[in-house]
Amino acid sequence: MNLRPDPTFHASPKLAMQAPVENYAFTVMLSPDGKQGDGLAVVDLNPKSDKYGQIVHQVIMPNTGDEFHHFGWNACSSALSPLAGHAFLERRYLIVPGIRSSRIYIIDVKEPLKAKIHKIIEPEEVFAKTGYSRPHTIHCGPEGIYVSTLGGGGPDGTDGPPGIFIMDCETFEIIGQYEMDRGEQDKHYDFWWNLPQDYMVSSEWALPPQFENGIVAEDLLSNKYGHKIHFWDLRARKNIQTIDLGENHQMALEIRPAHDPKKSYGFCGVVVDTTNLQGSIFTWWRVDDGKWQAKKTITIDPRPEKAENLPPLLQGFEAVPPLVTDIDLSLDDKYLYVACWGLGEMHQYDVSDPMNPKLAGKVEIGGIARNTDHPNGKPFAYGPQMVEISRDGKRVYWTNSLYSTWDDQFYPDSEGGQMVMADVGKDGGLTLNKDFYIDFPKGYRSHQIRLEGGDCSTDSFCYPSV
């Protein structure tokens with residue numbers, strides 16, 4: 001145990017923005033054909049280093065077929081909650097689940113260049129102790145590690161609804177299910193919270209048969225994917241309200257609450273509107289009577305395209321949908337970054353007024369039927385996908401793989417894993433950095449990024465910025 005809180009834990013978002021900048025990124029590598037173990041890449045982010053923009057260490061797993069996807073820390077700034085008994089934890093371990101295998105790896109990254117496997121939790125333990133499968137998103141909470149899942153029990157993950165379970169943040173033992181009363185929640189994807197205000201928000205993607213072997217077009221056009229967000233009493237572990245965004249708003253994915261805990265609003269990205277192929281962002285907020293509301297505040301139009309330039313899945317539409325697959329919010333709550341994986345665009349919106357976002361910047365790279373190269377002339381497979389923002393808000397990193405079977409459907413002629421970075425202008429705007437380009441080892445694709453010392457989709461804060 002530390003004698004003082006970890007120096008990477010910060011009471012407020014403003015203090016986190018003033019902290020030392022990141023020197024390393026941790027990025028998962030997945031083997032889409034399962035011929036080699038998935039891995040964790042350590043990337044040098046120090047511009048003064050002679051290995052800047054290079055993979056300087058790898059941890060390759062001893063199993064195959066895991067499909068690494070989302071992952072997170074054992075502990076973060078939430079440990080400073082006045083209700084927590086874990087203020088002296090260390091941000092040392094990454095919790096990395098396999099979305100296909102339901103196996104969970106605990107990786108010790110205290111020394112980034114010597115990162116190693118600390119513990120492996122086999123899927124049988126996950127099934128037995130939680131009744132869930134397909135672990136997805138990791139959030140470090142004040143009293144433990146919260147893990148969302150995409151599957152319930154049974155071989156196909158449809159024996160009961162998916163949900164959240166909690167792990168001990170010191171021993172990594174699985175404790176059990178989070179939900180005491182889930183209400184009408186029967187699908188799952190992302191979740192996040194406001195600790196002082198004691199609420200949580202969760203979203204919906206799909207059940208395993210709807211995503212594991214690729215998108216099921218019939219289900220999409222029948223509006224059978226997730227389209228609701230759920231509000232929870234965090235401590236009572238009870239669903240207190242569900243908002244249906246409209247069944248045409250298919251796949252409500254990332255939840256991004258404002259970082260300042262005094263604010264009672266946030267954002268949710270929706271992949272596609274089945275009536276017009278638009279992508280969209282909803283702003284959700286709490287009104288005076290304590291109830292929640294949600295309103296569509298950003299729409300992104302599809303791009304017309306000749307059928308012969310499109311993958312079979314899209315040829316009948318003669319258009320490229322934006323496919324909003326990830327969003328991220330800067331720590332000052334000013335800029336929302338929206339990954340348009342289909343269009344091959346990263347958008348930056350000024351959300352200082354969360355009800356009236358304004359497009360502030362955009363870059364093009366990759367994209368269906370566009371295949372825009374990086375400014376250095378090298379290719380970028382697929383489109384912008386998992387996005388992560390530096391704590392000071394000056395750098396935006398992203399990778400390109402969505403999910404192996406979906407990659408193959410939407411980009412059947414592409415292959416590879418890349419990671420790039422854009423610089424943020426003083427008054428907004430994005431410019432791709434010509435000197436930062438990572439091409440992952442052959443046979444690997446890349447997904448989520450975590451930054452040394454925390455980032456904008458990791459930490460939740462217990463005290464307001466002043």
Side-chain angles (χ1 to χ4, degrees), residues 22 25 27 43 45 47 52-53 254 256 267 269 271 278-281 298-303 305 320-332 334-352 357-402 407 410-411 414 416-440 445-449 451 455-457:
E22 66 279 3
T27 307
V43 177
L45 301 182
Y52 173 64
E254 305 297 339
R256 300 291 182 231
F267 305 92
V271 175
Q278 285 181 336
S280 58
I281 305 296
I298 297 173
T299 56
I300 304 168
D301 291 329
R303 187 183 75 244
E305 186 62 63
V320 177
L323 300 179
V324 171
T325 52
D326 192 24
I327 63 174
D328 204 3
L329 182 64
S330 60
L331 283 187
D332 57 4
K334 183 174 184 179
Y335 292 117
L336 184 73
Y337 294 88
V338 178
C340 301
W341 188 67
L343 290 178
E345 297 176 356
M346 180 64 71
H347 292 195
Q348 177 199 56
Y349 293 89
D350 185 331
V351 291
S352 302
K358 305 294 184 185
L359 184 65
K362 181 176 77 171
V363 297
E364 298 179 358
I365 187 167
I368 295 170
R370 181 182 277 170
N371 303 312
T372 304
D373 288 340
H374 189 268
N376 64 14
K378 295 181 180 179
F380 187 85
Y382 320 123
Q385 221 294 86
M386 293 308 298
V387 54
E388 196 48 77
I389 312 163
S390 63
R391 293 180 295 280
D392 60 14
K394 296 179 179 180
R395 293 163 301 285
V396 182
Y397 303 90
W398 65 83
T399 55
N400 62 339
S401 172
L402 173 60
D407 295 346
F410 287 96
Y411 289 92
S414 294
Q418 284 87 39
M419 175 178 168
V420 299
M421 183 264 283
D423 296 302
V424 178
K426 183 179 179 181
D427 298 313
L430 286 176
T431 305
L432 276 164
N433 188 304
K434 294 182 179 180
D435 298 324
F436 190 95
Y437 173 92
I438 296 170
D439 197 11
F440 285 81
R445 300 177 188 174
S446 56
H447 198 67
Q448 193 168 47
I449 304 163
L451 301 181
D455 46 60
C456 293
S457 64

Contact check, side chains of [X] and [Y], non-hydrogen atoms, under 4.5 Å:
X: Val271; Y: Leu323; value: yes
X: Ile300; Y: Cys340; value: yes
X: Trp398; Y: Val363; value: yes

Is a donor on one side and an acceptor on the other found under 3.5 Å between the side chain of [X] and the backbone of [Y]?
X: Ser446; Y: Gln418; value: yes
X: Tyr437; Y: Pro379; value: yes
X: Glu388; Y: Cys456; value: yes

Considering non-hydrogen atoms only, spot the tightest contact between [X] and [Y] and give its length.
X: Val320; Y: Leu343; result: O-CD2, 3.7 Å
X: Ala422; Y: Leu430; result: CB-CD2, 4.1 Å
X: Ala360; Y: Tyr335; result: CB-CE2, 4.2 Å
X: Asp328; Y: Ser457; result: OD1-CB, 3.7 Å
X: Ile368; Y: Arg303; result: O-NH2, 2.8 Å
X: Pro384; Y: Ala339; result: O-CB, 3.5 Å

Assess whether a salt bridge exists between [X] and [Y], defined as any Lys/Arg side-chain N lying under 4.0 Å from an Asp/Glu carboxylate O.
X: Asp423; Y: Lys394; value: no
X: Lys378; Y: Asp439; value: no
X: Asp455; Y: Arg395; value: no

Could you tell me which residues satisfy side chain to side chain contact (heavy atoms under 4.5 Å, CB included) with Pro47, sequence neighbours excluded, listed by chain and number?
Tyr52

How are the rings of Tyr382 and Trp341 set relative to one another: parallel (under 30°), tilted (30 to 60°) or perpendicular (over 60°)?
tilted

What's the verdict on side chain to side chain contact (heavy atoms under 4.5 Å, CB included) for Phe410 and Leu402, showing C-alpha distance, side-chain angles and the deciding distance?
CA-CA 10 Å; Phe410 287 96; Leu402 173 60; 5.6 Å; no

Between Leu329 and the options Phe267, Tyr337, Tyr349, the side chain to side chain contact (heavy atoms under 4.5 Å, CB included) test singles out Phe267

Exactly one of Asn433, Ile449, Leu432, Val396 should register a side chain to side chain contact (heavy atoms under 4.5 Å, CB included) with Met421. Which one does?
Asn433

With rounding to the nearest 0.5 angstrom, report the [atom1] to [atom2] distance, [X] to [Y].
X: Arg256; Y: Ile327; atom1: CZ; atom2: CD1; result: 6.0 Å
X: Asn400; Y: Gln385; atom1: CG; atom2: CD; result: 8.5 Å
X: Ile298; Y: Lys358; atom1: CD1; atom2: NZ; result: 10.5 Å
X: Met386; Y: Thr399; atom1: CE; atom2: OG1; result: 7.0 Å
X: Ile365; Y: Phe380; atom1: CD1; atom2: CZ; result: 5.0 Å
X: Lys362; Y: Glu364; atom1: NZ; atom2: CD; result: 5.5 Å

Centroid-centroid under 6.0 Å between Phe436 and Tyr397 rings
yes

Is there a side chain to side chain contact (heavy atoms under 4.5 Å, CB included) between Val424 and Ile389 once you walk through the steps?
CA-CA 10 Å; Val424 178; Ile389 312 163; over 6 Å; no

